[in-house]
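Here is the naming used below: chain letters follow the sequence lines, and residue numbers restart at 1 for every chain.
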Amino acid sequence: MNKVNMTIDGIQLYVPENYTILEAAKEAGISIPTLCFLKDVNEIGCCRMCIVEVEGAKAMPAACVHPVSEGMVVRTHTPRVMEARKVNLDLILSNHNARCQTCSRSMMDCELQALANKLMIEDVVFEGESAKLPLDIGTSIVRDPNKCILCRRCISACKKIQSVGVIDIVGRGFDAHVGSPFGIRLEETPCVNCGQCINYCPVGALKEKDDTAKVWDALYDPDRVVIVQTAPAVRVALGEDFNMPIGEPVTGKMVTALRMLGFDQVFDTDTGADLTIMEEGTELIDRIRGGGRLPMITSCSPGWIKFCEHNYPEYLDNLSTCKSPHQMFGAILKTYYAEKNGIDPEKIFVVSVMPCTAKKFEAARPEMSVNGLADVDAVITTRELASMIYDVGIDFPKLGDSQFDDPFGSATGAGVIFGATGGVMEAALRTVADILTGQSLDNFEYEDIRGLEGIKITTVEVADLKLRAAVAHGLGNARKIMDAVRAGEHFDFIEIMACPGGCVNGGGQPLQLSEVRSWKDVRAERAKGVYREDMKSFIRKSYKNPAIKKLYKEYLGMAGGSRSHELLHTHYKARDNYGKSPLPE
Amino acid sequence: MCGTCAAEMEKKLHAVIDRHRDTRGALIPILHEAQELYGYLPLEVQRTIAEELETPLAEVYGVVSFYSQFTTTPRGKYRISVCMGTACYVKGAGEILDRLKARLSVDVGECTEDGRYSLDACRCIGACGLAPVVTINDEVFGKLQPDDVDEIIDSYDKKEGQV
């Protein structure tokens, strides 16, 4: 890479020629304020917060998109720049519904507020007309366009990264807003509820549908047995909402906090994941041996399921029939667990704490019930759990560690790695390899399918089987791999996670501001936490989980048996894209 | 509903798309011709275009909503446009528009129930010397007084065989 000499605020730099001014400044330790910028996601220079003065140039270019050049002299904080930034921010604020007191982002996650403080905006100068657009409240996602500042990060996330593209800029001038076509409710579009838009929103225009009230009601209902289960990715991110390092596992503190909140039983969704592996591993072997439909594609990610229903309906039979781990676990709690403990299943209220917004939609699907009872009664995100912990004044970082409750407290490392891309496949292979060889293999870490490469393809040899496997994360990558399948490329087993990086980067995870996200891979940090938990686990293969063994012995019989099918498996149906009405005359 | 007409229109729409699809910036010319074909750009037409171009519908709709010459509501057989440019405006275009609204019982952007007339307010059409100006399809009416409105509409009704 060729390098260029340049000066920023008097500091001489020698930087690669493909750098932007922003990147060069970053290297010099100079912080230029940004708002719409999110590295690799949204680099469009539309908010004009990062404008700088370049010697010899008349206009002030946006540092986030303007490339460096030989001999360039940049000044980032001149009075002219500062004044222009202030005016631009003032204009943005003048049409922002600043009900900060009641905004979900006001505590620490609002980039607009942080910027207004940084630029020392004392009052909104331009008071004028403000937009009044309706809220869009869905099962998973709530959109408040009146808080939107038109940075377009959500559009980039939805269109570019996820290849879903259900929102875009609608209208022109003052009427311009982020919306769906024809103002159709997001839930009735091919939106998959992944919530990546939320993760990238700098303000409170996008958030999950808040279900904490439902949970509090259940907790304070003396007739209810309220059982909580937590997904693997939650434990490596929850601490971030309490200013702890990114990716630091806080499993023990989380369990303590959940007990303090009043949950009657605190279980681990990893047990559900182990159960999923038993069923899915068996299904994979059956499909390969019995000439079933291949590739088999994982079905744990509800964002991916809905994406498949909309975009690849002819491959719905390739999806594993397994419900996702928390749904399976919910079904077991309301049958086996209820029977065993003499609890009326109607009194059981199952709460799933998930890194995911799409899980809310999944839990509300009619497919996800047994005997007329929903498997899971409420889904809250990692963020919502953090807010509940805040609500009751728990000092989270100071909490001691506790253990999950028995009988479902002994999940394996295989269950934990579900949280990172490649994890479900690795967990499945660990068990499948042992079943097929009839021995406990020592070599069970599948490094090839770990990591953040968008699509990972590998051939795995287990016993006499040679499996061509692919792992894709982020729906843009999912689309690529599915298009390859459609074009005839052969795979035996495919893992797909809707969110880039897998569940650790789910739409319900603690927010990281763009100044962190742009320069640090949050996904990698959290995945490290997941693999650390796996390494620490005493048991690292699902079929060795004693609770699972007992469950099959006492209740389910065999993996893939009739009772399993009744409780733990399901099927999906094709969905329309924006309705099906015919073209007019 | 005439099944054959719909099928014929669909064929024409696909022909339009095929003619442009390989050129850069195909979307806007396709939208123009599709609007000529259908008179407007309803969801189904936009969805067909989006699917064929492998572009999200939201992006297509974003473009349609940006340009004022695109419309998503059906147009009438007679498309009435009231020029709201500066000259026409100061010469009383507002009052003309109000009279048209009252006479046709529609709002701007709407179409009469029988599909005969649709009403729009447009930007300057460059005929300021004739202000205030109204166009009906390709016909231009200039230097209008509010009282001219009824007469003009009557003449079109007459053409349709109904007073």
How about [atom1] on [X], more than 12 heavy atoms from neighbouring residues, nucleotides or ligands closer than 6.0 Å, or not?
X: A:Glu188; atom1: CD; value: yes
X: A:Glu314; atom1: CD; value: yes
X: A:Lys159; atom1: NZ; value: yes
X: A:Lys160; atom1: NZ; value: yes
X: B:Arg123; atom1: CZ; value: no
X: B:Lys12; atom1: NZ; value: no
X: A:Tyr315; atom1: OH; value: yes

Requested in this report: Please name all residues satisfying salt bridge (Lys or Arg N to Asp or Glu O under 4.0 Å) with A:Arg517, sequence neighbours left out, ordered by chain then number.
Outcome: none
Report task. Please identify each residue that fulfils salt bridge (Lys or Arg N to Asp or Glu O under 4.0 Å) with B:Arg21, with sequence neighbours left out. Result -> B:Asp18, B:Glu52
Query raised in the report: Of the backbone (N, CA, C, O) and the side chain (C-beta and beyond), which part of A:Val166 lies under 4.5 Å from a heavy atom of chain B, both, or neither?
Result: backbone
Query raised in the report: Non-hydrogen atoms of chain B under 4.5 Å away: do they reach the side chain of A:Ile184, the backbone, both or neither?
Result: side chain
Can you give me the closest heavy-atom contact between [X] and [Y], atom names plus distance?
X: B:Glu44; Y: A:Pro584; answer: CB-CD, 4.3 Å
X: A:Gly165; Y: B:Pro56; answer: O-CB, 3.2 Å
X: A:Gly171; Y: B:Ser65; answer: N-OG, 2.7 Å

Requested in this report: Identify which of A:Asn577, A:Asp175, A:Val170 forms the greatest number of heavy-atom pairs closer than 4.5 Å to chain B.
Outcome: A:Val170
Report task. Examine whether an atom of B:Thr55 lies under 4.5 Å from a heavy atom of chain A, and if so say whether it belongs to the side chain, the backbone or both; otherwise answer neither. Result -> neither
**Report entry** Interface moiety of B:Leu37 toward chain A, non-hydrogen atoms closer than 4.5 Å
**Finding:** neither
Query raised in the report: Which value, rounded to the nearest 0.5 Å, describes the distance between B:Glu10 atom CD and A:Leu583 atom CG?
Result: 4.5 Å
Report task. Only pairs at least two apart or in different chains count here, so list each ring-ring contact (aromatic ring centres under 6.0 Å, His included) that has a residue in residues 155-208 of chain A. Result -> A:Phe182-B:Tyr61
Requested in this report: May I ask you to check if A:Arg172 and B:Phe66 form a cation-pi contact, with NZ or CZ under 6.0 angstrom from the six-membered ring centre and within 45° of the axis?
Outcome: yes
Query - Per-residue contacts, residues 69-83 of chain B versus chain A, heavy atoms under 4.5 Å - result: B:Thr72
